[in-house]
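Below: the structure, in structure tokens.
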Amino acid sequence: MTKKVLVTGVASGIGKAQAELFLRKGYQVYGVDISAKPDLAGNFHFLQIDLSSDLTPLFRWLPSVDILLNTAGILDAYKPLLETTMSDFEKVFATNFFSMVKVTRFYLEKMLAQQKGMIINMCSIASFQAGGGGAAYTSSKHALAGFTRQLALDYARAGIQVFGIAPGAVQTAMTAGDFEEGGMANWVAQETPIGRWTQAEEIADLTYFLASGKAASMQGEIVKIDGGWTLK
């Protein structure tokens with residue numbers, strides 16, 4: 001039976017690259033995003049929804065999944081605390097953390113009934129250290145890392161495999177501003193040991209490997225894919 005994959009943040013960047021790869025591999029892919037439907041061919045189904053809002057329409061639309069890819073996220077312009085309003089702080093957490101908790105809680109119950117399932121959360125190098133974002137973003141990604149590890153510990157014996165992926169600088173629409181004149185794209189590339197930005201397709205390749213079953217003895221790992229940035 002064809003496995004169902006849910007990708008949040010599917011309209012662009014890493015989420016779109018993940019959806020494209022899983023579609024090519026023959027999976028049934030369901031995608032959600034606050035933005036409009038992306039141009040994806042194959043067995044693809046889309047729901048436009050704000051993940052920080054009421055998620056009942058999502059759960060009615062897709063009652064269960066085999067693989068959950070919690071990929072949606074937003075940045076915070078690297079703002080320190082005193083330049084971040086509480087409203088902005090809460091918005092970042094609503095998307096980067098609480099939406100993943102809510103989505104995971106719903107689909108985890110279905111996975112437990114089947115005694116199998118895969119959950120992969122999009123963490124960040126900001127899950128490990130400061131400087132990968134501002135106060136709100138870094139805090140949200142640290143929280144997500146803790147959530148990922150605890151989830152993995154609590155449900156490993158129930159057949160639920162949980163991972164995190166921690167990208168560094170990835171060239172996507174979300175980071176397009178860094179590539180404009182005066183942006184920091186060149187500096188980031190120079191400071192990255194491999195000398196370039198990571199591409200969304202590389203994150204998708206790692207996602208597919210983790211979801212393939214070939215990493216069956218791994219559990220709760222948050223796998224860095226940052227061009228060696230955190231080696232420094």
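Small disclaimer: the values here were computed from a predicted structure and weren't measured.
- The OG atom of S52 sits 8.0 Å away from the CD1 atom of I74 when rounded to the nearest 0.5 Å.
- Minimum interatomic distance between L55 and S99 (heavy atoms only, all atoms of both residues): CD1-O, 4.4 Å.
- Looking at heavy atoms from C-beta onward, T8 lies out of side-chain contact with L69 at the 4.5 angstrom threshold.
- With hydrogens and angles ignored, the 3.5 Å screen pairs a side-chain donor or acceptor of K141 with a backbone N or O of M122.
- Using a 4.5 Å cut-off between side-chain heavy atoms of Ile, Leu, Val, Met, Phe, Trp and Tyr, with links allowed through other members, L75 and F89 fall into different hydrophobic clusters.
- Residues V162 and F147 fall within the same hydrophobic cluster, defined by Ile, Leu, Val, Met, Phe, Trp and Tyr side chains chained together at heavy-atom separations under 4.5 Å.
- For Q48 (side chain) and I34 (main-chain N/O), a donor-acceptor pair under 3.5 Å exists by modelled atom type.
- Results of the side-chain contact (heavy atoms from CB on, under 4.5 Å) test with N70 over L144, L51, T104 single out T104 as the only residue that passes.
- Under the 3.5 Å distance criterion, with hydrogens and angles disregarded, no donor-acceptor pair is assigned to the side chains of D88 and T84.
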Q: Go through the steps to decide whether V170 and I14 satisfy the test side-chain contact (heavy atoms from CB on, under 4.5 Å), and finish with yes or no.
A: CA-CA 8 Å; V170 183; I14 295 171; 4.2 Å; yes

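- Cation-pi contact between K110 and F106: present, with separation from the ring centre below 6.0 Å and deviation from the ring axis of at most 45°.
- Put simply, the side chain of W229 never gets that close to the backbone of I125: no donor and acceptor are under 3.5 Å apart.
- Listed by chain and residue number, nothing satisfies the salt bridge (Lys or Arg N to Asp or Glu O under 4.0 Å) test with R149 (two or more places apart in sequence, or in another chain).
- A distance of 5.0 Å separates OG1 in T148 from CD1 in I222, rounded to the nearest 0.5 Å.
- With sequence neighbours excluded, the residues forming a salt bridge (Lys or Arg N to Asp or Glu O under 4.0 Å) with E202 are R196, listed by chain and number.
- A side-chain N or O of Q150 and one of D154 form a donor-acceptor pair less than 3.5 Å apart.
- Between A11 and A36, the closest heavy-atom pair is CB-O, 3.7 Å.
- No side-chain heavy atom of N121 sits less than 4.5 Å from a side-chain heavy atom of F163.
- Looking at residues two or more places apart in sequence or on another chain, you find a side-chain contact (heavy atoms from CB on, under 4.5 Å) between Q114 and D66, K116.
- Between T172 and A200 the shortest heavy-atom distance is CG2-CB, 4.3 Å.
- In this structure, the separation between CG on L151 and CD1 on I160 is 8.5 Å, given to the nearest 0.5 Å.
- At least one donor-acceptor pair closer than 3.5 Å links the side chain of H142 to the backbone N or O of A126.
- In this structure, the side chains of M118 and M111 stay at 4.5 Å or more apart for every pair of heavy atoms.
- Within 6.0 Å of atom CG in D39, 12 or fewer heavy atoms from other residues, nucleotides or ligands are found, so the atom counts as exposed in its surroundings.
- Taking each heavy atom of F46 and S35 in turn, the nearest pair found is CZ-O, 3.3 Å.
- Going from atom CG of L206 over to atom CG of L21 covers 11.0 Å, rounded to the nearest 0.5 Å.
- In this structure, the side chains of I203 and I165 come closer than 4.5 Å at one or more pairs of heavy atoms.
- Atom CG of L68 and atom CD1 of I119 lie 6.0 Å apart (nearest 0.5 Å).
- Here the CG-CD distance, from D76 to E83, works out to 11.0 Å after rounding to the nearest 0.5 Å.
- Listed by chain and number, the residues in a salt bridge (Lys or Arg N to Asp or Glu O under 4.0 Å) with E90 amount to none (sequence neighbours excluded).
- Between G73 and T95, the shortest heavy-atom contact is CA-CG2, 4.1 Å.
- Taking 4.5 Å as the limit, some side-chain heavy atom of Y107 sits within range of a side-chain heavy atom of L6.
- The closest donor-acceptor contact from the side chain of S127 to the backbone of S124 lies under 3.5 Å.
- No path of Ile, Leu, Val, Met, Phe, Trp and Tyr side chains, each step under 4.5 Å between heavy atoms, connects I67 with L62, placing them in separate hydrophobic clusters.
- With contacts defined as side-chain heavy-atom distances shorter than 4.5 Å, the pair P38/D33 does not qualify.
- Following chains of ILVMFWY side-chain contacts shorter than 4.5 Å, one can reach W187 starting from Y78, so the two form part of one hydrophobic cluster.
- A heavy-atom distance below 4.5 Å is not found between the side chains of T198 and D226.
- One hydrophobic cluster, built from ILVMFWY side chains closer than 4.5 Å, holds both V101 and V103.
- Results of the ring pair (Phe, Tyr, Trp, His ring centres under 6.0 Å) test with Y30 over F22, F59, W61 single out W61 as the only residue that passes.
- Annotation: side-chain hydrogen bond (donor to acceptor under 3.5 Å, both in side chains) contacts involving residues 206-221, sequence neighbours excluded, comprise Q18-T207.
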Under 3.5 Å donor-acceptor pairs involving side-chain atoms of residues 128-140, not counting sequence neighbours:
residue : atom : partner : partner atom : Å
T138    : OG1  : G133    : O            : 3.4
T138    : OG1  : G134    : O            : 3.0
S139    : OG   : A135    : O            : 2.7
S140    : OG   : N96     : ND2          : 3.2
S140    : OG   : A136    : O            : 3.4
S140    : OG   : Y137    : O            : 2.7

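- Ring orientation note: the planes of F93 and F97 are nearly perpendicular, at an angle over 60° on the 30°/60° scale.
- Looking at F179 and N186, their side chains never come closer than 4.5 Å, going by heavy atoms from C-beta outward.
- When all heavy atoms are compared, the tightest approach of Q28 to T2 is N-CG2, 3.4 Å.
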